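Working notes, structure below.
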Amino acid sequence: QVQLVESGGGLVQAGGSLRLSCAASRSIFSGNVMAWYRQAPGKQRELVARITWGGSTDYADSVKGRFAISRDNAKNTVYLQMNSLKSEVTAVYYCMSQLGFWGRGTQVTVSS
């Protein structure tokens with residue numbers, strides 16, 4: 001059974017930090033690019049960051065320098081460290097495998 005399960009979201013004050021985790025089934029994790037997307041109310045889903053199997057990363061301009069994506073290939077898990085949070089990053093954050101599988105998302109709410 002293919003699974004992507006996000007965790008780590010929650011309510012945090014502006015300026016705070018959160019670390020999201022996404023545990024994936026090995027069949028969709030191993031060797032593949034993994035990514036984090038987000039969707040704010042009334043907006044389209046957008047790419048936040050992605051990471052290759054070898055660890056190369058790519059970020060949306062709006063999060064460069066504040067967010068960091070990483071992966072633990074032994075644990076089939078990808079992370080998103082989010083620092084200096086602002087209210088505009090409030091959204092549901094989704095994990096995605098290059099093969100087209102999505103998690104159900106985890107809510108991140110930043111209060112100002």
Side-chain angles (χ1 to χ4, degrees):
Q1 184 179 0
V2 172
Q3 282 191 319
L4 284 165
V5 181
E6 302 98 335
S7 61
L11 175 64
V12 63
Q13 289 189 331
S17 298
L18 280 174
R19 188 193 196 205
L20 305 184
S21 299
C22 171
S25 302
R26 184 156 188 82
S27 62
I28 62 172
F29 184 89
S30 182
N32 292 306
V33 175
M34 298 296 294
W36 286 97
Y37 282 73
R38 66 186 177 192
Q39 187 166 19
K43 295 187 177 181
Q44 289 188 332
R45 194 171 295 189
E46 63 177 358
L47 176 67
V48 176
R50 56 189 169 199
I51 185 168
T52 67
W53 176 252
S56 296
T57 58
D58 188 27
Y59 296 92
D61 288 342
S62 60
V63 305
K64 284 180 180 177
R66 297 186 297 115
F67 288 16
I69 189 170
S70 60
R71 65 191 295 162
D72 186 332
N73 291 338
K75 295 182 178 179
N76 301 325
T77 301
V78 61
Y79 305 97
L80 185 68
Q81 178 67 44
M82 306 187 294
N83 300 323
S84 303
L85 289 169
K86 305 176 182 179
S87 58
E88 53 260 40
V89 307
T90 293
V92 178
Y93 284 71
Y94 298 91
C95 178
M96 193 202 79
S97 161
Q98 176 185 5
L99 298 180
F101 293 92
W102 293 85
R104 293 187 175 184
T106 185
Q107 176 70 48
V108 171
T109 302
V110 181
S111 62
S112 55

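What you see is a predicted model, and the numbers here were worked out from it, not measured in a lab.
- When hydrophobic clusters are built by joining Ile, Leu, Val, Met, Phe, Trp and Tyr residues whose side-chain heavy atoms come closer than 4.5 Å, directly or via intermediates, W36 is not grouped with Y79.
- When all heavy atoms of A24 and I28 are compared, the pair lying nearest together is CB-CG1, 4.4 Å.
- In this structure, F29 CZ and Q3 CD are separated by 14.5 Å, a value rounded to the nearest 0.5 Å.
- When hydrophobic clusters are built by joining Ile, Leu, Val, Met, Phe, Trp and Tyr residues whose side-chain heavy atoms come closer than 4.5 Å, directly or via intermediates, V12 is grouped together with V89.
- A side-chain donor-acceptor contact under 3.5 Å links T52 to the backbone of S56.
- For the residue pair T109/Q107, the side-chain donor-acceptor check at 3.5 Å is satisfied.
- Looking at heavy atoms from C-beta onward, V110 lies out of side-chain contact with E88 at the 4.5 angstrom threshold.
- Among residues two or more places apart in sequence or in another chain, the side-chain contact (heavy atoms from CB on, under 4.5 Å) test is passed with Q81 by S17, R19, A68, N83.
- Of all heavy-atom pairs between C22 and L4, the closest is SG-CD2, 3.6 Å.
- Nearest heavy-atom pair, S27 versus N32, reported as atom, atom and distance to 0.1 Å: O-ND2, 4.2 Å.
- More than 12 heavy atoms of other residues, nucleotides or ligands sit less than 6.0 Å from atom CZ of R71.
- Residue S112 comes nearest to A14 through the heavy atom pair CA-CB, 4.2 Å, listed as atom of the first residue, atom of the second, then distance.
- Judged purely by atom type and a 3.5 angstrom limit, S97 uses its side chain to pair as donor or acceptor with the backbone of L99.
- The two residues S30 and W53 make their nearest non-hydrogen contact at CA-CZ3, 3.4 Å.
- For the pair R66 and Y59, the cation does not sit on the ring face, since its NZ or CZ is not both under 6.0 Å from the ring centre and inside 45° of the axis.
- Ring orientation note: the planes of F67 and Y93 are tilted relative to one another, at an angle of 30° to 60°.
- The shortest side-chain heavy-atom distance between V108 and T90 does not fall under the 4.5 Å cut-off.
- The shortest side-chain heavy-atom distance between L20 and M82 falls under the 4.5 Å cut-off.
- Considering only residues two or more places apart in sequence or on other chains, Y37 meets the ring-ring contact (aromatic ring centres under 6.0 Å, His included) condition with W102.
- With a 4.5 Å cut-off on side-chain heavy atoms, T106 and Y94 do not count as touching.
- Here the side chain of R104 pairs no donor or acceptor atom with the backbone of E6 at under 3.5 angstrom.
- Contact between C95 and M34 at its shortest, heavy atoms only, is SG-CE, 3.8 Å.
- Under a 3.5 Å cut-off, the side chain of T77 and the backbone N or O of K75 do form a donor-acceptor pair.
- The residues R38 and E46 are annotated as salt-bridged, a charged nitrogen and a carboxylate oxygen being separated by less than 4.0 angstrom.
- Contact annotation: the side chain of V33 never approaches that of I51 to less than 4.5 Å [non-hydrogen atoms, C-beta and beyond].
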